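Letters go in sequence order (proteins before strands), and every chain restarts at 1. Quantities reported herein were computed from a predicted structural model and do not represent experimental measurements. All heavy atoms count here, side chains included; hydrogens, waters and symmetry mates do not.
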Amino acid sequence: MALPIPPVQAIDTETTGLAPHGSDTMFSYSLCDWDGKTSVHRLDGGPIRQTTNHANLDKFWSDTSIEKTMFNAKFDTLFCEKKLGKRLAEQSVIHDSYIMSHLLRSDRKVHKLKELAWELAGIPRDDEQAIHAYVRGVEENFSHVPEHLMEIYQHRDAERTMLMHRYMYPQIQANPKFLEIYKMEMDLIKVTMRMEKRGMMIHRQRTLDTMAKLEKDLALATQEFVTISEKITGQRIFPGQTAKVSKLLFKYLKLPDLADGSTSKDDVLLPLREQHPHPIIDLLLKCRSWKHGVSMLASYLDYADDTDTIHPSINTCGAGSTGRESCSKPNLQNVEKDGNLKNPFPSPARLCFRPRPDHILIPIDYAGQEMRWIVHISGDKRMLAEFNRVGSDPHSLAAGIFYPPFTEEEERDFHFVNDAIRKGFSAFKKGQKEFKMLRDSAKNTNFAKPYGCNFVKAGFILGIPEPLSKKRCAEYDAMFPDLVGCLRNGMQEVRECGYTTNDFGRRLYINPSEAYMWLNYRAQSDGAEVTKRAQVRVHKYLREATSEEVGILLAIHDEILIEYPRKRLKDIGDIMGNIHKLMTTFPEASVPMEIEAKLCTVSWAQKRELVWKGVA
DNA sequence: GTGTCACGCGCG
DNA sequence: AAAGCGCGCGTGACAC
């Protein structure tokens with residue numbers, strides 16, 4: 001008896017390049033049905049064939065009884081949409097074995113179709129060699145490769161795509177949690193396609209002006225650096241020559257070598273700058289930062305289209321190990337902020353990004369995501385209670401424990417400790433600089449403790465002597481036993497089964513020799529899960545409520561950036577109220593989620609608080 | 001010239 | 001500055 005054939009077909013597209021939002025187009029596609037029957041269709045080379053195959057492609061996508069499976073579905077779907085000139089994703093059931101591969105084995109190093117098909121089904125990997133040889137020879141894209149060469153490879157790629165679907169999808173279906181996450185991921189892909197298309201606008205003139213200023217300052221600083229280095233060593237050393245710079249600092253100038261010859265900013269240059277100020281250190285910091293700034297700004301301009309809009313490539317499973325997203329070409333998740341205390345000579349790149357004309361930007365970020373998830377994961381009763389208290393402040397709570405007023409005995413033994421610490425945290429009110437200082441140290445320790453730091457390091461963070469730190473840590477440990485103890489249990493789990501499962505059912509493989517990474521992976525992945533769901537929910541809502549006049553531009557791990565037309569500003573209270581609800585409703589979490597919204601009218605860098613009706 | 005590596009650094 | 005981790009990308013150094 002024949003089994004019913006699932007209505008799934010695989011499609012693989014061939015394109016002139018990798019930029020679906022740019023000038024690249026699709027010139028051919030191949031299909032494979034459930035049984036492995038493949039076909040190749042050219043969309044170039046003569047009007048008759050072109051018209052026929054265009055119509056066939058349209059028919060393929062219009063038939064909603066067929067589910068479409070792809071490998072990296074966002075890529076193929078975007079090119080099909082571009083070719084057919086209409087939206088396809090929203091009204092189709094699409095599958096993606098690239099996503100499945102990530103969900104099933106997050107520890108896999110490569111998730112490439114050819115590699116997977118070789119590893120899982122023994123399909124040889126040699127079919128692309130002839131094409132690559134050809135492309136290299138004439139320096140052209142695949143559309144110029146002779147058709148007979150392309151065909152062999154296209155048949156096989158369509159077949160691989162179907163094989164991967166047939167191999168992996170049952171494994172996804174077998175686990176209800178996997179299936180739920182997979183469906184969310186497929187929704188997210190559709191959302192991400194629209195985000196990429198919308199793109200982020202750069203202010204061209206402002207960028208050019210900023211680059212000109214940075215280049216000028218950079219030239220001066222470089223000149224000075226080379227001159228001084230020559231004076232000291234007799235040799236012209238440039239700031240980029242790390243090995244020579246290391247020699248200059250530690251051999252010639254005999255500055256203390258803090259990290260085995262490394263000249264990295266945070267670990268070496270900034271501490272040196274405080275303790276042994278030397279003009280060469282600041283010059284080096286300036287040269288590095290500004291050179292980096294200039295080249296990043298230049299690359300942003302390169303990526304911008306003729307409307308000054310950047311369409312990045314967002315990989316929804318970019319961080320294979322944690323479920324986080326990544327962004328490339330360019331990476332808009334690491335655009336430099338100004339006012340970063342860690343860089344004394346910044347390049348203010350976010351100033352160069354602007355809202356589209358007649359729009360504002362609304363960055364919405366989750367407050368204290370990582371800490372919330374750490375506390376949830378640990379299940380620590382007392383800390384959970386603090387998070388669930390109205391007006392809670394876990395870092396102040398910790399500050400009260402780490403910094404009680406000194407006893408007489410402590411005053412005698414540790415009289416050299418600074419005044420603020422001796423008086424204790426309770427002696428200060430919000431707004432005072434001592435309050436902030438002590439709370440910040442307690443906050444850092446609150447993070448460090450669950451990650452397993454000992455009392456020696458804690459004492460260093462807290463700025464108190466070791467014997468005192470030992471005592472205070474013991475009090476902290478007694479008060480929050482599960483918070484400091486959860487890492488052990490998690491590590492045990494990883495050593496036993498090689499993976500952990502986050503609070504949404506996603507499986508995270510962790511190398512048992514690196515089991516200590518458990519808590520970090522868990523916190524990152526739970527946070528990622530929330531932000532991903534937030535995007536799907538908010539996009540769906542904005543589509544229905546505003547016909548996509550309001551839309552998401554970007555997600556940055558615990559933050560989403562929204563584009564909002566000025567003409568709808570009168571509705572902002574309602575819309576933000578609904579977004580707030582969608583972004584914070586997560587029964588999976590035993591701690592409340594909170595968001596903070598800001599508002600940018602001029603640039604991404606210049607933010608004001610955004611308060612909407614009904615929220616204090 | 002092309003590819004790979006380690007480093008450094010931006011964001012979270 | 002300080003406890004841990006995840007990404008992308010520009011650079012210089014080095015092998016081929």
Side-chain angles (χ1 to χ4, degrees), chain A residues 106 136 237-246 258-275 284-285 287-300 303 312-315 317-338 340-350 363 365-366 368-370 374 440-441 443-463 484 487 508 510 514 516-525 527-528 531 554-560 604:
Chain A
S106 66
R136 191 171 303 187
I237 298 175
F238 287 86
Q241 299 171 302
T242 11
K244 289 179 180 171
V245 168
S246 173
L258 301 177
D260 202 22
S262 159
T263 62
S264 74
K265 179 167 73 71
D266 292 350
D267 301 340
V268 180
L269 297 184
L270 289 183
L272 278 184
R273 186 170 178 262
E274 295 296 314
Q275 292 149 27
L284 181 57
L285 285 167
C287 292
R288 280 204 192 149
S289 177
W290 294 338
K291 182 159 192 174
H292 186 250
V294 168
S295 67
M296 292 311 279
L297 288 179
S299 97
Y300 297 146
Y303 280 112
S313 176
I314 297 167
N315 186 342
C317 284
S321 38
T322 61
R324 271 190 173 185
E325 298 183 78
S326 71
C327 179
S328 62
K329 297 194 288 185
N331 182 358
L332 293 184
Q333 289 180 325
N334 71 346
V335 179
E336 192 166 346
K337 288 173 146 181
D338 53 346
N340 180 352
L341 297 169
K342 284 166 102 183
N343 185 348
F345 311 106
S347 312
R350 285 199 187 191
D365 68 306
Y366 282 99
Q369 265 273 44
E370 188 183 357
I374 288 174
D440 282 353
S441 298
K443 179 180 171 181
N444 282 336
T445 318
N446 244 352
F447 277 102
K449 286 292 290 176
Y451 283 126
C453 97
N454 56 27
F455 71 86
V456 179
K457 277 174 186 164
F460 193 59
I461 300 171
L462 292 165
V484 293
L487 184 63
L508 310 162
I510 302 171
E514 292 169 334
Y516 69 94
M517 298 219 270
W518 174 80
L519 184 58
N520 198 265
Y521 271 52
R522 279 292 301 276
Q524 278 200 18
S525 79
T531 308
L554 191 67
I556 317 180
H557 310 309
D558 65 349
E559 170 185 349
I560 64 175
W604 194 7

A:Thr322 vs A:Pro330, nearer the 5' end of DNA chain C by closest nucleotide: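 On the 5' side of the pair lies A:Thr322.
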Upstream residue (5' side of DNA chain C) when A:His557 and A:Ile461 are each assigned their closest nucleotide: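 The answer here is A:Ile461.
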Taking any heavy-atom pair under 4.0 Å as a contact, classify [X]: base, sugar-phosphate, or nothing.
X	answer
A:Glu336	sugar-phosphate
A:Arg522	nothing
A:Ser347	nothing
A:Glu325	nothing
A:Lys291	sugar-phosphate

Side chain of [X], base of [N]: donor and acceptor closer than 3.5 Å?
X	N	value
A:Asn520	C:dG4	yes
A:Gln333	C:dC7	no
A:Glu370	C:dG4	yes

Length of the [atom1]-[atom2] vector between [X] and [N], whole Å:
X	N	atom1	atom2	value
A:Arg288	B:dG8	CZ	P	6 Å
A:Tyr451	C:dG6	OH	C1'	11 Å
A:Arg273	C:dA1	CZ	C1'	12 Å

